[in-house]
Amino acid sequence: MGDWFSQQLLDWYDRHGRKELPWHRDRSAYRVWVSEIMLQQTQVTTVIPYFERFMERFPSVHDLASAAREEVLGYWSGLGYYARARNLHAAAIEVVERFEGEFPQDPEQLQSLPGIGRSTAAAIAAQAFDQRAAILDGNAKRVLARYHGVEGWPGKTAVANELWDHAEEHTPHERIRDYTQAIMDLGAMVCTRRNPACASCPVRTGCIGYARNDPEAYPGRKPKKEKPEKTLWMLLIEDGEGRLLLEERPPTGIWGGLLSLPEADPALQPEEVPDHCESALGVETNMPDSLEPFRHTFSHYHLWIRPLRLSARRTISIQEHGRLRWLTREQALEAGLPAPIRGLIRQ
DNA sequence: TACGCGTGGTC
DNA sequence: TGACCAAGCGT
């Protein structure tokens, strides 16, 4: 049995909870796992089409394990946080090799797989196996911080630990799967970040945030930090047959493992695009044509991208990060590109 | 412990 | 329109 809080949530879930999301249809550990990874820091409506395409191409953990990493990244292209895709692929191989293709039910064993942390392990154990395990995703954090009046930003370990304790204490012994879905649904549908629908909340009578008449004050905000600004030239280099020069980025760091446009030597200044310079790569093209620079804002910094279309017969130095390849636009778009680069290439 | 890691939605 | 943030994890 559970406490009053969990009983209220389960009753509410039976009447209002979400039960028709794509990963609810067949709750195999594999499908739950893929959905949980995609949903990390990513909204449900964004994930749905990616999940459907991914499942069509990789219907089982064996299909995923035997695929080339490049193709997996291609199916992830546009979702962001590409380490998730690299870890997903690596974990699929481990599940096949270490666990004979069967996901372990124990959260601790799940957590030993790359890309699966405490909350995701618990979510898989609960959703796929109905095992008692507490989750603490962004929704649960918000619900619990408000209900218990937990002060401070959950990014701090002490605050997170306090929330984990509340998460554990409320997790019932029955209907784990429904309770787990219930607390996430309540956070997504009622206890929203802004303008929470407290009048519709099944636990408002015990909620400290509600009693203080300021639920939006919880959880505490992340202290804001100055975002660094970086500038670079991205080279849009096309050969006589319409193929583009692309670079395979190294496996770690920004856009790890994806194809991108090569970058010019950082010493290159905007006003001095050289007619000739020492070349890492000799490229012969036709007419110079500079595109407008634009600022792309990432979560953590601003990036000025100065697309330089090389069409003059000239050479230019490339700051090389990874292997360079010539691909047609169609091939490039299919292989998978970071969203801003995709936008550049489509022009 | 604090930071790096994408993209799109929202206001 | 820029700031903030979403079903976190790895290092």
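For the numbers below, each heavy atom of this structure counts, side chains included, while hydrogens, waters and symmetry mates do not. Naming convention: chains lettered A, B, ... in sequence-line order (proteins, then strands); numbering from 1 in each chain.
For the side chain to side chain donor-acceptor pair (under 3.5 Å) test, residues two or more places apart in sequence or in another chain that qualify with Arg142(A) are Asn139(A). By the ring pair (Phe, Tyr, Trp, His ring centres under 6.0 Å) test, His321(A) is found to be paired with no residue, residues two or more places apart in sequence or in another chain being considered. In this structure, the ring pair (Phe, Tyr, Trp, His ring centres under 6.0 Å) partners of Tyr75(A), at least two apart in sequence or on a different chain, are Phe58(A). Residues that satisfy the side chain to side chain donor-acceptor pair (under 3.5 Å) test with Gln131(A), not counting sequence neighbours, are Gln105(A).
For dT7(B), the OP1/OP2 oxygens have no side-chain nitrogen or oxygen of Tyr50(A) closer than 4.0 Å.
Taking every heavy atom of residues 34-42 of chain A and every atom of DNA chain C, pairs under 4.0 Å involve Glu36(A), Leu39(A), Gln40(A), Gln41(A), by number. Within residues 17-32 of chain A, the residues having any heavy atom closer than 4.0 Å to DNA chain C are, in order of number, Arg18(A), Leu21(A), Trp23(A). DNA chain C lies under 4.0 Å from at least one heavy atom of each of the following residues of residues 117-134 of chain A: Gly117(A), Arg118(A), Ser119(A), Thr120(A). Of all the residues in residues 177-204 of chain A, Gln181(A), Met184(A), Arg193(A) reach under 4.0 Å from DNA chain C with at least one non-hydrogen atom.
Taking atom CG of Leu258(A) as the reference point, atom P of dT7(B) lies 8 Å away to the nearest angstrom. Atom pair Tyr75(A):OH and dT7(B):P shows a separation of 19 Å (rounding to whole Å applied).
For the atom pair CZ of Arg31(A) and NE2 of His24(A), the computed distance is 10.5 Å after rounding to the nearest 0.5 Å. Ile183(A) contributes atom CD1, which lies 12.5 Å from atom NZ of Lys141(A) (distance to the nearest 0.5 angstrom).
Bracketed by its first and final contacts, the part of DNA chain C lying under 4.0 Å from non-hydrogen atoms of chain A reaches from dC4(C) to dG10(C) in 5' to 3' order.
Rounded to whole Å, the separation between the C1' atoms of dT1(B) and dA6(C) comes to 23 Å. Across dC9(C) and dG8(B), the matching P atoms stand 23 Å from one another, rounded to whole Å. Separating the P atom of dA7(C) from that of dT10(B) is a span of 13 Å, rounded to the nearest Å.
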Collect all protein-nucleotide pairs involving nucleotides 1-3 of chain B in which both atoms are nitrogen or oxygen and the distance is under 3.5 Å.
residue : atom : partner   : partner atom : Å
dT1(B)  : OP2  : Thr157(A) : OG1          : 2.5
dA2(B)  : OP1  : Lys156(A) : NZ           : 3.4

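Closest-nucleotide positions on DNA chain C for Asn87(A) and Pro219(A) were compared, and the one nearer the 5' end corresponds to Pro219(A).
Inter-residue side-chain proximity for Ile345(A) and Leu244(A) is flagged as met; some heavy-atom pair is nearer than 4.5 Å. Between Glu174(A) and Leu10(A) the shortest side-chain heavy-atom distance does not fall below 4.5 Å. The shortest side-chain heavy-atom distance between Lys19(A) and Tyr13(A) falls under the 4.5 Å cut-off.
Closest of all the heavy-atom pairs between Gly256(A) and Arg86(A) is O-NH1, 3.1 Å.
Here Arg325(A) pairs with Glu248(A) in a salt bridge; the nearest charged N to carboxylate O distance falls below 4.0 Å. Ionic pairing of Glu52(A) and Arg25(A) is present here: one or more N-O contacts between side-chain nitrogen and carboxylate oxygen are shorter than 4.0 angstrom.
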Let me check something: any side-chain donor-acceptor pairs from residues 152-159 of chain A under 3.5 Å, sequence neighbours excluded? List them with distances.
none

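Taking the six-membered ring wherever Trp is involved, the centroid distance between the rings of Tyr82(A) and Trp255(A) does not fall below 6.0 Å. Two rings, from Tyr50(A) and Trp76(A), have their centers 6.0 Å or more apart.
Arg146(A) places a side-chain N or O within donor-acceptor distance of the main-chain N or O of Pro215(A), the cut-off being under 3.5 Å. Panel note: side chain Asp130(A), backbone Arg177(A); a donor-acceptor pair is recorded below 3.5 Å.
When heavy atoms are screened at a 4.0 angstrom cut-off, Leu79(A) is found touching base atoms of the nucleic acid.
Grouped with Ile93(A) in a hydrophobic cluster is no other residue, since no side-chain heavy-atom contact under 4.5 Å to another Ile, Leu, Val, Met, Phe, Trp or Tyr is found.
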